2 protein chains.
Amino acid sequence: MQTQRRRSTSSADKRRDTYHHGDLKRALTDAALALVREKGPKGFSLSEAARRAGVSVAAPYRHFADKAQLLAAVAEQGFIQLHEALSAAGHSVSDPKKRVIELARGYVRWAVAHPDYYQVMFGTETIKAEHPGLLVASARAFDDLLDAITGCQELGMMRGLDAREIAAPMWSLVHGIASLAISGDLHHVGIQEDPEALTTRAVADWLKIG
Amino acid sequence: MQTQRRRSTSSADKRRDTYHHGDLKRALTDAALALVREKGPKGFSLSEAARRAGVSVAAPYRHFADKAQLLAAVAEQGFIQLHEALSAAGHSVSDPKKRVIELARGYVRWAVAHPDYYQVMFGTETIKAEHPGLLVASARAFDDLLDAITGCQELGMMRGLDAREIAAPMWSLVHGIASLAISGDLHHVGIQEDPEALTTRAVADWLKIG
DNA sequence: ACCTGAACACCGTTCAAGT
DNA sequence: ACCTGAACACCGTTCAAGT
């Protein structure tokens, strides 16, 4: 059982070494995510994350200024993944109106599939202002929506409004659906409809106006 | 300075006594709310709340099973106040369509005016399922919206859909706007529009469909 | 019935010391 | 450069003891 530190230069054991030489950062964000998934956002602690990564409780402070910065790093990863999911959803159709609908669906689908990420990204323990990379990553995801809307405008739809003025209520809508679905509040008030179906219906109706 | 316990039966000092004989519950929820307002949701601790109420750290456990139950009591108060705000907003107009708009505006206005309450009501540290009174109080607030929608349907609008199917996207929209406004995310992506104005615009457009 | 004091396990953070 | 060990202040929770 004590083979862990044997022949530290061999390729077979390199994984354990790597874990402690440069990848602790990733090991900690992975552990944080797993903890949120298992025990909810309040079930995550820096100590437990360190324990799972196999290091002392002080080790994380070589990589993150404090607990909030670790959470911010997790949130940033989340926004990057969300951006990728939105890009994929957007490129699946060429009709600009259908693209907007697919983006909205993709947003809710990703959020509901990754409640751990989503709760860290929008939870009250994560403060975006103190982590510039996080702001950039979230802006990139928002830009996906913005692009889809300008795509519609270039074809004469939704004219007379700034793209941001259209994106704002739409983002609010999908964020609201995602949040209430993840927290279980939709179920609590007797709404059984699938969140993604609800999104499709709401956005399709919405687009009849523009 | 040591006048606090002087003449404990006098009416002048009764306030201090009352604080410790039956009103500790309210004193604790008040302190919790003040802490969330001052230091954010993660800045609240049971110990600090007890300290502010002038009791030992163990005293709260005579009134709440644990920290989560205290938070749930705060959230319940919040939903009761929100319900009152919605009732007032709804009764201010008689036209059913305008009433729906006023409800939506009232929702966002109340949320933005009481971010401390709102964050506890929808924060991840509050679990509704384990506190029946909280579920009842939130259902009552949701019913205000439902009533306004059935009011429209009785006049022939939005027919063919269950009231809940219309309420779901509308609640999602106002909750999304309120959440993103409180967290500052709307500002982060360059949206400067007043949340209440945004709500009016979005809901008014929405109602053109039904 | 309601509150205190003391205790326990746990957490975030710091810092000197190790390799 | 990166990690450990020990320390400190703080928190949630329990329980015996006080009034």
Side-chain angles (χ1 to χ4, degrees), chain A residues 4-9 13-29 31-32 35-36 38-74 120 123-127 130, chain B residues 4-5 8-9 14-29 31-32 35-36 38-74 120 123-127 130-131:
Chain A
Q4 283 193 333
R5 294 202 177 276
R6 183 171 46 100
R7 283 169 302 134
S8 63
T9 51
D13 286 12
K14 211 149 199 175
R15 239 183 63 263
R16 222 276 174 184
D17 286 353
T18 321
Y19 228 48
H20 287 251
H21 295 161
D23 247 3
L24 217 205
K25 208 163 175 169
R26 166 109 1 196
L28 287 169
T29 53
L35 280 166
V36 173
E38 293 167 25
K39 308 196 273 185
K42 68 147 212 173
F44 156 74
S45 79
L46 209 45
S47 304
E48 180 77 21
R51 217 169 290 134
R52 293 206 180 188
V55 295
S56 78
V57 294
Y61 289 90
R62 289 294 131 184
H63 301 273
F64 302 100
D66 53 22
K67 187 185 174 181
Q69 290 291 317
L70 169 48
L71 249 1
V74 173
V120 174
T124 47
E125 49 278 291
T126 309
I127 11 80
E130 291 169 22
Chain B
Q4 283 193 331
R5 292 198 179 278
S8 62
T9 52
K14 212 149 199 175
R15 238 182 66 262
R16 223 274 175 185
D17 288 351
T18 320
Y19 230 45
H20 286 252
H21 295 161
D23 248 1
L24 217 205
K25 208 162 177 170
R26 166 107 1 195
L28 287 169
T29 54
L35 281 166
V36 173
E38 292 167 27
K39 308 195 272 184
K42 69 147 210 172
F44 156 73
S45 79
L46 210 45
S47 303
E48 180 76 22
R51 216 170 291 134
R52 291 207 180 186
V55 295
S56 78
V57 294
Y61 289 89
R62 289 293 130 186
H63 301 273
F64 301 100
D66 54 22
K67 187 185 174 179
Q69 290 291 317
L70 169 47
L71 249 1
V74 173
V120 174
T124 48
E125 49 278 293
T126 308
I127 11 80
E130 291 170 22
H131 190 112

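Throughout, a chain's letter reflects where its sequence line sits, starting with A, and its residues are numbered from 1. Not measured: the values here are computed from a predicted model.
- Pairs engaging residues 57-74 of chain B under the side-chain hydrogen bond (donor to acceptor under 3.5 Å, both in side chains) rule: Gln69(B)-His131(B) [sequence neighbours left out].
- Rounded to an integer number of Å, the gap from NZ of Lys25(A) to C1' of dC3(D) is 16 Å.
- Across the protein-nucleic acid pair, Tyr61(B) atom OH and dT4(C) atom P stand 14 Å apart, rounded to whole Å.
- Ser56(A) approaches Pro60(A) most closely through the heavy-atom pair O-CD, 3.4 Å.
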- Note on the structure: Here DNA chain C, pairs taken as Watson-Crick or G-U under 3.5 Å and shown with ( ), [ ] when crossing and | when to another strand, reads ||.|||||...|||||.||
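- Using a 4.0 Å heavy-atom criterion, one finds that Ser56(A) contacts the bases of the nucleic acid, with or without backbone contacts as well.
- Within the 4.0 Å cut-off from OP1 or OP2 of dC10(C), not a single side-chain nitrogen or oxygen of Ser47(A) is found.
- For dC11(C), the OP1/OP2 oxygens have a side-chain nitrogen or oxygen of Arg51(A) closer than 4.0 Å.
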Side-chain donor-acceptor pairs under 3.5 Å in residues 40-51 of chain A, sequence neighbours left out?
residue, atom, partner, partner atom, Å
Ser45(A), OG, Glu48(A), N, 3.0
Glu48(A), OE1, Arg51(A), NH1, 2.7

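- The two residues Thr29(A) and Leu70(A) make their nearest non-hydrogen contact at CG2-CD1, 3.6 Å.
- The residue among Glu48(A) and Arg62(B) whose nearest nucleotide of DNA chain C is located toward the 5' end is Arg62(B).
- Between dT14(D), dT4(C), dG12(C), one nucleotide has an atom nearer to the side chain of Leu46(A) than all others, and that is dG12(C).
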Atom pairs, protein N/O to nucleotides 6-9 of chain D N/O, distance under 3.5 Å:
none

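- Here Thr126(A) pairs with nothing under the side-chain hydrogen bond (donor to acceptor under 3.5 Å, both in side chains) rule; sequence neighbours left out.
- Only His63(A), listed by number, bring a heavy atom of residues 63-73 of chain A to less than 4.0 angstrom from any atom of DNA chain D.
- In this structure, Lys42(A) places its NZ atom 15 Å from P of dC10(C), rounding to the nearest Å.
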